[in-house]
Amino acid sequence: MAKGDQFYYDNFAECSALAKKAANYLVECFESYDPDCIETMIEKMHSFEHSADLKKHEMNRALTKAFVTPVDREDLDMLSHQLDTVLDLLEEALQKLYVYNIRTIEPAAVEYAKYLVKGCDLVYEIMAEFENFKKSKKLHDLIVACNDVEEECDKLYLTTLRELTKNSTDVLTTISWYKVYDCLEACADACEHVSECVESIVMKNT
């Protein structure tokens with residue numbers, strides 16, 4: 001591996017570490033939710049998202065100047081974008097609690113957030129293995145595991161929205177939670193997209 005190539009792998013690893021921290025913080029916020037502290041929660045979550053943005057900008061600058069990259073620059077750019085999307089959606093989940101003035105957290109939301117921790121943990125492990133993708137013996141299994149987490153999230157999404165509709169007593173509250181669950185589902189999809197992007201890069205380069 002060329003010396004300059006390490007930058008790309010380190011950047012991805014650092015972004016995935018931020019996603020892992022943000023997902024764990026989302027669970028913390030959901031489990032000990034205080035609606036009067038939501039702005040403080042958002043501010044802390046934004047610090048993770050902002051740090052990831054800085055990493056994405058570093059990647060953009062490097063790709064603009066690079067003569068040679070370890071794999072196609074378009075693939076590196078796509079992977080960077082997918083990782084950034086995970087952070088964006090974790091932040092957006094908290095923002096929606098603020099926008100819709102949600103006062104209490106649904107148990108299913110806590111369960112969903114814990115699945116996102118699993119997804120982000122796997123994304124972190126995938127990024128740790130990425131630089132060895134040509135000879136890694138566990139990268140494929142990690143990608144499959146990440147896809148499995150997304151499937152579990154799909155199941156939870158369907159059952160949760162059905163229960164939400166069946167037990168609806170207030171239209172605004174129901175719509176608000178639909179928006180929150182949509183965001184959590186999009187975040188699970190984003191984790192899977194990271195793994196799929198890595199899988200595509202592996203297939204093109206081995």
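Predicted model only: the values in this text are computed from it and were never measured. Computed from heavy atoms alone, side chains included, the values below leave out hydrogens, waters and symmetry copies.
In this structure, SG in C191 is found 10.5 Å from CD in Q82, a value given to the nearest 0.5 Å. One finds the CG atom of D121 at 11.0 Å from the CG atom of L142 (value rounded to the nearest 0.5 Å). Going from atom CG of D189 over to atom SG of C187 covers 9.0 Å, rounded to the nearest 0.5 Å. Interatomic distance, N167 CG to T174 OG1, rounded to the nearest 0.5 Å: 9.0 Å. Between C153 atom SG and L158 atom CG the span is 11.5 Å, to the nearest 0.5 Å. Rounding to the nearest 0.5 Å gives a distance of 7.5 Å between OH of Y157 and OH of Y112.
Within 6.0 Å of NZ in K21 there are 12 or fewer heavy atoms belonging to other residues, nucleotides or ligands. In this structure, Y181 places its OH atom where more than 12 heavy-atom neighbours from other residues, nucleotides or ligands lie under 6.0 Å away.
Shown here for L184 and A93, the closest heavy-atom pair between the two residues is CD2-CB, 4.0 Å. In terms of heavy-atom proximity, L87 sits nearest to E49 at O-CG, 4.0 Å. Looking at every heavy atom in both residues, T69 comes nearest to D5 through C-OD1, 4.5 Å.
L89 and L83 fall into different hydrophobic clusters, where Ile, Leu, Val, Met, Phe, Trp and Tyr are joined by side-chain heavy atoms under 4.5 Å apart, directly or via other members. V27 and L97 fall into different hydrophobic clusters, where Ile, Leu, Val, Met, Phe, Trp and Tyr residues are linked whenever their side-chain heavy atoms come under 4.5 Å apart, directly or through other members. I143 and M78 fall into different hydrophobic clusters, defined by Ile, Leu, Val, Met, Phe, Trp and Tyr side-chain heavy atoms under 4.5 Å apart, directly or through other members.
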- Message: side chain to side chain donor-acceptor pair (under 3.5 Å), that's the test. Do Y178 and T165 meet it? Break it down for me.
- Response: CA-CA 9 Å; Y178 264 112; T165 302; 2.3 Å; yes
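Cation-pi contact between K20 and Y124: present, with separation from the ring centre below 6.0 Å and deviation from the ring axis of at most 45°.
Salt-bridge formation is detected for the pair D36/R103: a Lys NZ or Arg NE/NH1/NH2 atom is positioned less than 4.0 Å from an Asp or Glu carboxylate oxygen. By the 4.0 Å N-to-carboxylate-O rule, E111 lies too far from K114 to be salt-bridged with it. Of the charged side-chain nitrogens involved, none lies within less than 4.0 Å of a carboxylate oxygen, so that K155 and E151 do not count as a salt-bridged pair.
In this structure K179 satisfies the salt bridge (charged side-chain N to carboxylate O under 4.0 Å, His left out) test with no other residue, sequence neighbours excluded.
Ring to ring, F12 and Y9 are not that close: their centroids are 6.0 angstrom or more apart.
Using a 4.5 Å cut-off on side-chain heavy atoms (C-beta onward), L94 and H46 make no contact.
Under the 3.5 Å distance criterion, with hydrogens and angles disregarded, a donor-acceptor pair is assigned to the side chains of S195 and N147.
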